[in-house]
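These notes are about the structure you will find just below.
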Number of protein chains: 2
Amino acid sequence: MALPRIPRERSLTYGLVESVGQLIVTGAYDVQPFPTEGELSRQHGTSRSVTREAVKMLTAKGLLQARPRQGTSVTPEAQWNLLDPDVLRWLLERKFSLQLLAEFTEMRLAIEPAAAALAAKRADREAIGRIREGLERMKAAGQGEDEPVAADIAFHTAVLAATGNRFFAQLDPLINTALRISIRFTNRIKGRAAGIAHHEEVLDAIAAGDAERAALAMRSLVGEVLALITAASAQPGTARKAARRTALT
Amino acid sequence: MALPRIPRERSLTYGLVESVGQLIVTGAYDVQPFPTEGELSRQHGTSRSVTREAVKMLTAKGLLQARPRQGTSVTPEAQWNLLDPDVLRWLLERKFSLQLLAEFTEMRLAIEPAAAALAAKRADREAIGRIREGLERMKAAGQGEDEPVAADIAFHTAVLAATGNRFFAQLDPLINTALRISIRFTNRIKGRAAGIAHHEEVLDAIAAGDAERAALAMRSLVGEVLALITAASAQPGTARKAARRTALT
DNA sequence: CCCGCACATATTATATGATTATTAATCTCA
DNA sequence: TGAGATTAATAATCATATAATATGTGCGGG
């Protein structure tokens with residue numbers, strides 16, 4: 001039996017991508033210009049090869065652009081590939097804003113009901129089984145920190161996978177990232193019991209093959225999250241507290 | 001006045017990213033293993049630095065993974081970042097399939113009606129102006145090849161931008177890519193007059209601030225495209241013809 | 001004072017060779 | 001047979017040199 005084998009992902013290069021990526025999204029280079037390759041190498045104690053490869057990866061994610069004699073620079077925020085899981089994670093963890101979370105949730109509100117409808121239409125037994133599994137885990141989970149979140153995420157992941165559509169499935173890492181943040185935020189405000197009822201309704205509708213009801217149920221589920229977020233952002237002070245809570249390190 | 005200044009994007013590295021990216025998505029490495037850095041350099045006549053940087057960019061897009069002693073390998077297709085504009089473009093241009101186009105259009109069917117609704121709710125005058133501009137261009141366009149397509153794309157781009165939501169806006173390059181392919185495909189089947197009427201209805205609803213009507217209009221617009229695509233894929237032979245039409249080079 | 005051209009210059013882009021770290025595969029020995 | 005040590009292949013990293021490319025600078029002429 002093959003071991004799960006932990007992927008490395010902790011080479012100097014990947015480490016540099018992480019650090020510099022986080023620095024970029026937090027706006028560290030909004031005032032001072034982005035350093036040249038040489039400086040960047042010196043600052044992080046890496047060779048130029050490593051630096052260049054990290055810069056190239058960040059370029060592929062749309063965060064940087066480089067031209068000879070002009071130097072490397074941070075691209076305008078509008079060009080960042082927000083749909084890259086790394087970029088979204090850096091933004092949500094390092095530069096959290098209720099505004100950003102709200103915008104993402106608006107997109108979830110477009111995507112997830114459609115996903116539930118597709119899943120219902122497709123009615124793949126095995127896939128539905130995995131959705132049910134996620135729900136059971138949610139119900140069984142205690143008041144710990146990690147397991148309820150993981151179960152909730154597993155539910156949404158299973159729904160996206162059940163669409164049989166590669167693009168919906170691709171949104172999974174993004175929604176996972178955002179959910180981890182989002183749940184941490186909404187759990188304080190609202191108990192989990194109501195949430196479970198909603199999830200149950202989604203599963204029922206999908207299992208029954210009722211696309212329209214599945215979409216409606218999912219819409220009300222996500223819509224409630226969005227309502228919580230927008231309500232919180234209207235209330236001054238909450239944003240700062242939320243940022244503190246979600247910040248890691 | 002600063003010239004538009006053509007971005008380079010044609011360095012050896014970017015060229016290599018393009019070639020290898022296209023080779024990967026077409027499945028060239030499904031049978032034979034992905035070459036080692038040294039071989040890849042030799043095959044493409046580039047130095048190891050260039051090769052490594054290109055590999056790193058493709059790694060950032062989720063197409064490759066590398067580990068010492070094991071070599072570089074193509075990641076399972078499920079891990080490819082389909083939401084990266086380059087990856088989607090390579091797939092649609094080099095390994096076109098009606099199935100993929102249909103799946104993407106399913107996602108459009110979830111996204112674009114919601115975008116229209118958000119645009120209507122927001123009712124930003126300037127943004128609506130840009131949507132109208134796209135529509136005017138569509139009406140004015142002759143039977144040329146490029147301008148009608150560009151105008152149609154401009155319309156959809158403007159709607160996404162009018163949402164004021166960064167994530168919807170981010171989907172623009174993806175939808176642009178797919179639209180370029182999609183229009184080329186559907187135009188053969190169906191005249192453009194009906195299309196313009198639908199677009200007009202979307203604009204009217206957004207301008208009137210009627211979110212629900214905007215969503216419905218957009219849904220029927222995109223839904224029609226999806227119907228064309230699924231109808232075509234049911235009809236044998238069409239797929240091959242479509243692939244030939246959309247293939248570049 | 002302004003324009004246009006050559007030229008210097010800073011920076012990324014590319015090339016090359018060597019060294020190190022990682023890990024799959026093999027071998028050794030109990 | 002199996003666990004542990006060894007080997008070897010490969011990416012990862014380092015160091016250095018050269019080339020290409022924009023950007024500024026200064027000079028000459030109008």
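Chain letters run A, B, ... following the sequence lines, proteins first, then strands; residues in each count from 1.
Counted by atom type alone, A:Trp90 and A:Glu18 present one or more donor-acceptor pairs between their side chains at under 3.5 Å. No side-chain donor-acceptor contact under 3.5 Å links A:His156 and A:Asn176. Using modelled atom types and a 3.5 Å distance limit, the side chains of B:Thr51 and B:Thr46 yield a donor-acceptor pair.
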(request) Begin with the C-alpha distance, continue with both residues' side-chain angles, and end with the deciding distance and a verdict on salt bridge (Lys or Arg N to Asp or Glu O under 4.0 Å) for A:Glu37 and A:Arg42. (result) CA-CA 9 Å; A:Glu37 288 178 358; A:Arg42 239 172 296 122; over 6 Å; no
(request) Just do the side chain to side chain contact (heavy atoms under 4.5 Å, CB included) check on A:Lys61 and B:Asp84 with the steps written out, would you? (result) CA-CA 9 Å; A:Lys61 293 181 188 305; B:Asp84 182 291; over 6 Å; no
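Residues from residues 32-50 of chain B placing a heavy atom under 4.0 Å of any atom in DNA chain C, listed by number, are B:Thr46, B:Ser47, B:Arg48, B:Ser49, B:Val50.
In this structure, B:Trp80 contributes its side chain and B:Thr75 its backbone to a donor-acceptor pair below 3.5 Å. Checking side-chain atoms of A:Glu103 against main-chain N and O of B:Asn165 turns up no donor-acceptor pair under 3.5 Å.
Atom pair B:Arg52:CZ and C:dA15:P shows a separation of 15 Å (rounding to whole Å applied). Remark: P of D:dA11 and CG of B:Leu64 are 11 Å apart, rounded to the nearest angstrom. Whole-Å rounding puts the A:Gln70 CD to C:dT11 C1' distance at 10 Å. Taking atom CD of residue A:Glu53 and atom P of nucleotide C:dT12, one finds them 16 Å apart after rounding to whole Å. As a whole-Å value, the separation of A:Gln65 CD from D:dA22 C1' is 14 Å. Distance B:Leu16 CG to C:dA13 P: 15 Å, rounded to the nearest Å.
Not one side-chain nitrogen or oxygen of B:Thr72 sits closer than 4.0 Å to the OP1 or OP2 atom of D:dT10.
Distances were taken from every side-chain heavy atom of B:Arg69 (C-beta onward) to each of C:dT9, D:dA8, D:dT13; the shortest belongs to D:dA8. Counting only heavy atoms from C-beta on, B:Lys56 has its side chain closest to D:dA12 among D:dA22, C:dA13, D:dA12. Among C:dT12, C:dA24, D:dC14, the nucleotide with an atom closest to any side-chain atom of A:Ala66 is C:dT12. Each of D:dT10, C:dA15, C:dT11 was ranked by its minimum atom distance to the side chain of B:Pro68; first place goes to D:dT10.
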